[in-house]
Amino acid sequence: MQIFLDTANLDEIREIAAWGILAGVTTNPSLLAKEKGADFRATIEEICRLVNGPVSAEVISTDVAGMLDEARRYAAWHPNVVVKIPLIPNGISAVSTLAREGIKTNVTLCFNANQALFTALAGATYVSPFVGRLDDISEDGMALIRDIAQIYRNYPQLKTQVLAASIRHPRHLTDAALAGADVATVPAAVLKQAIKHPLTDAGLEKFLSDWKKRQAEKSATAIPVELPAAVARA
Ligand code: E4P
C-alpha cells in the first residue's frame with residue numbers, strides 16, 4: 001500500500017517527504033482554506049516540486065462543463081496533478097469524459113460500494129472512500145474499503161485504485177493495508193503517531209546508554225601508551 005499525505009501545508013509536506021516513503025499528496029478545499037493567503041495554483045505547483053507522485057487538486061464546480069474546464073486547467077499545471085471530482089452524477093459524467101482524454105482523476109466523497117462501482121466504470125484513476133466520516137456516524141468505514149477492494153478484484157478490467165481517505169488514527173492505516181487498499185492518504189499527525197512506539201524509544205535509549213557505559217569502562221581500563229623518549233621530552 002502506498003502512502004499519500006493528506007494536507008496542503010508545505011512545511012508538513014517537506015517534513016514527511018524527508019522520510020523518503022511518501023508517494024503522493026491529496027488536498028481538498030477545506031485543507032487549502034486552512035493555508036491562509038496561499039494561492040491555489042502556486043501551492044499545487046510547489047507540492048508537485050516537493051513530491052514526485054500524484055498530487056490531488058479538487059474542482060469546486062458542480063456542473064459538468066465547469067468541472068471539465070477546471071480539470072483541464074489543473075491537469076495542464078503539472079503532469080502529476082490528479083483532478084479530484086466529487087461523487088455526484090455530474091462528477092461521474094465528467095470523469096467519463098476526462099478518462100477518455102487521459103486526465104487522471106480521484107473521485108472523492110465516496111460513502112458506499114455502488115458509488116465506487118460507478119466510479120470505476122467511469123474510468124477514474126482513484127476512488128476515495130472516507131473511512132473516518134463513516135465511523136463518525138457509527139458505520140464501519142473499513143468494511144467499505146474491504147467491499148470495494150473485493151468488488152474491484154472480482155472484475156479485473158476495473159483499473160481504479162482504492163485510496164483510503166479520512167484516516168483518523170494509526171489503526172485505520174493498518175486496517176486499510178490489511179483490507180487491500182492501494183493507497184491511504186494520511187494526515188501528518190497520524191503518520192507521526194504511527195511511526196512512534198514507546199518500546200522503540202526506550203530500547204534505543206538503553207542501547208545508547210549501554211554503549212556509552214562500555215566506552216567509559218574501556219577508557220578507564222586503557223593501558224597508558226609509552227611514548228618514545230624523544231616525543232615525551234618535546
Ligand atoms: C482526502 O482526500 C479527503 O479529503 C480527506 O481524507 C478527508 O478527511 P477528513 O474526513 O478527516 O476531513
Name every donor-acceptor pair, under 3.5 Å, that has one atom in a side chain of residues 17-31 and the other anywhere in the protein, sequence neighbours excluded.
from  : atom 1 : to     : atom 2 : distance (Å)
Thr26 : OG1    : Asp6   : OD1    : 2.8
Thr26 : OG1    : Thr185 : OG1    : 2.5
Thr27 : OG1    : Ser56  : O      : 2.6
Asn28 : OD1    : Ser30  : N      : 3.0
Asn28 : OD1    : Leu31  : N      : 2.7

Are the side chains of Val131 and Met142 in touch, meaning some heavy atoms are under 4.5 Å apart?
yes

Identify, with sequence neighbours excluded, every residue that meets side chain to side chain contact (heavy atoms under 4.5 Å, CB included) alongside Leu204.
Leu208

Beyond-backbone contact of Ile44 with Arg41, side-chain heavy atoms, under 4.5 angstrom:
no

Counting C-beta onward and ignoring hydrogens, is there a side-chain heavy-atom pair between Arg72 and Met67 closer than 4.5 Å?
no

Hey, are Glu139 and Arg133 close enough for a salt bridge, meaning a charged N less than 4.0 Å from a carboxylate O?
no

Within a radius of less than 6.0 Å around CD of Glu205, do more than 12 heavy atoms belonging to other residues, nucleotides or ligands occur?
no

Do the side chains of Val186 and Leu173 get nearer than 4.5 Å, heavy atoms only?
yes

How about Asp136: does its CG atom have over 12 heavy atoms from other parts shown lying under 6.0 Å from it?
yes

Are side-chain heavy atoms of Leu163 and Thr108 found at a separation under 4.5 Å?
no

Pair Lys196 + Asp201, salt bridge at N-O below 4.0 Å:
yes

Hey, does Leu109 have a side-chain heavy atom less than 4.5 Å from the side chain of Ile88?
no

Short N-O contact, Arg214 and Asp210, less than 4.0 angstrom
no

